[in-house]
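In what follows, every chain begins at residue 1, and chains take the letters A, B, ... in the order their sequences are listed.
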There are 2 protein chains.
Amino acid sequence: MDKVAIRKQPYNDGLGPVFGIIGGKWKAVILWELSDGAVRFGALKRRIPQISEKMLIQQLREMEADGLVHREMFHQVPPRVDYSLTRLGGSLNDALTPLCEWGKQNLQGHPVADETRD
Amino acid sequence: MDKVAIRKQPYNDGLGPVFGIIGGKWKAVILWELSDGAVRFGALKRRIPQISEKMLIQQLREMEADGLVHREMFHQVPPRVDYSLTRLGGSLNDALTPLCEWGKQNLQGHPVADETRD
DNA sequence: TCCATTTCTTACCAGAAAGTCAGTATATGA
DNA sequence: TCATATACTGACTTTCTGGTAAGAAATGGA
């Protein structure tokens with residue numbers, strides 16, 4: 001594995017490191033998709049259609065290294081790999097739900113996320 | 001003001017847009033620093049020493065546009081500008097606290113945020 | 001006159017993050 | 001023999017983010 005870029009964040013009562021761990025475009029989404037149990041790589045890909053394979057793998061690997069995600073491979077052909085949340089990943093997911101709720105309540109139809117503005 | 005880059009996020013039960021709004025290196029930190037009332041630009045700068053003026057202004061402007069932050073200028077010389085949270089910004093801050101707690105409990109001494117790894 | 005103060009703007013640049021696309025391995029079934 | 005499915009890897013390119021440095025405006029004070 002090659003050198004992973006530091007995802008550096010200013011410290012701030014714990015919030016900085018958190019964004020270091022789930023910052024970026026995909027991590028939180030992936031975490032969310034894993035919340036109801038183990039999912040195969042391919043299935044995960046289908047659940048998040050916009051992501052590229054490369055990104056999905058890259059993010060999963062980083063999350064695995066950070067102890068959020070568990071990876072289990074079955075030696076079959078064609079190969080099968082299941083991803084699931086660790087206890088830590090699950091707890092992070094829990095900590096994320098208020099934020100998710102906030103989004104649902106306050107960001108419906110908000111221009112951010114699908115438009116450009118001046 | 002020039003075209004602001006879209007901060008595009010994949011939709012996911014509200015979580016995508018949320019990261020569109022507080023994603024990036026500084027927003028959450030700024031939000032946090034505003035939690036105990038209005039702060040002058042200069043004071044904010046001193047509270048977050050690592051941030052550059054350009055970034056601070058840029059992020060504040062985006063947060064203002066997103067309705068998270070209120071900007072009040074006093075016509076004095078030298079100029080004085082106060083920033084404070086809107087109700088929306090405050091509620092986002094609240095939604096952020098579990099995440100912050102999670103970070104404090106689970107990320108103490110974690111390599112992310114101040115190191116490089118392989 | 002010249003300097004300091006404060007908030008902000010602009011131009012430019014480096015590096016990081018994310019995207020595209022082609023390729024690899026292996027057993028199975030047609 | 002050949003295509004298929006699956007989970008990846010690597011090279012390359014594009015887009016985005018963040019950083020530095022310089023300067024503008026306006027007034028009061030040395």
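Inter-residue side-chain proximity for B:Met63 and B:Lys27 is flagged as met; some heavy-atom pair is nearer than 4.5 Å. With a 4.5 Å cut-off on side-chain heavy atoms, B:Phe41 and B:Pro79 do not count as touching. Side-chain contact between A:Arg61 and A:Gln59: absent, with no pair of heavy atoms (C-beta onward) separated by less than 4.5 Å. Side-chain atoms of A:Arg40 and A:Lys45, non-hydrogen and from C-beta on, never get closer than 4.5 Å to each other. Side-chain contact between A:Leu31 and B:Leu15 is absent, with no heavy-atom pair separated by less than 4.5 Å.
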Show me the protein contacts with nucleotides 18-20 of chain C, counting only N or O atoms at under 3.5 Å.
| unit_1 | atom_1 | unit_2 | atom_2 | d |
| --- | --- | --- | --- | --- |
| C:dA18 | OP1 | A:Lys25 | N | 2.8 |
| C:dG19 | OP1 | A:Lys25 | NZ | 2.8 |
| C:dG19 | OP2 | A:Trp26 | NE1 | 3.1 |
| C:dG19 | N7 | A:Lys54 | NZ | 3.3 |
| C:dG19 | O6 | A:Lys54 | NZ | 2.4 |

Open item on the list: Please encode protein proximity along nucleotides 1-7 of chain C as a string of B, S and -, counting only heavy-atom distances under 4.0 Å.
Closed with: ----BBB
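For the pair A:Asp82 CG and D:dC8 C1', the interatomic distance rounds to 15 Å; values are reported in whole Å. Rounded to whole Å, atom P of D:dT27 lies 18 Å from atom CZ of B:Phe74. Remark: P of C:dT9 and CG of B:Leu60 are 11 Å apart, rounded to the nearest angstrom.
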Just list the side-chain donor-acceptor pairs under 3.5 Å for residues 82-90 of chain B, sequence neighbours left out, or say none.
| unit_1 | atom_1 | unit_2 | atom_2 | d |
| --- | --- | --- | --- | --- |
| B:Asp82 | OD1 | B:Arg80 | NE | 3.3 |
| B:Asp82 | OD2 | B:Arg80 | NH2 | 3.0 |
| B:Tyr83 | OH | B:Arg71 | NE | 3.3 |
| B:Thr86 | OG1 | B:Gly67 | O | 2.6 |
| B:Thr86 | OG1 | B:Leu68 | O | 3.0 |
| B:Thr86 | OG1 | B:Leu88 | N | 3.4 |
| B:Thr86 | OG1 | B:Gly89 | N | 3.0 |

Open item on the list: Show, in sequence, the C-alpha distance, side-chain angles and deciding distance for A:Phe19 and B:Val29, and conclude whether the side chain to side chain contact (heavy atoms under 4.5 Å, CB included) test is met.
Closed with: CA-CA 10 Å; A:Phe19 278 79; B:Val29 176; over 6 Å; no
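Paired with B:Ile30 under the rule side-chain contact (heavy atoms from CB on, under 4.5 Å), one option of B:Val39, B:Ile48, B:Val69 passes, and it is B:Ile48.
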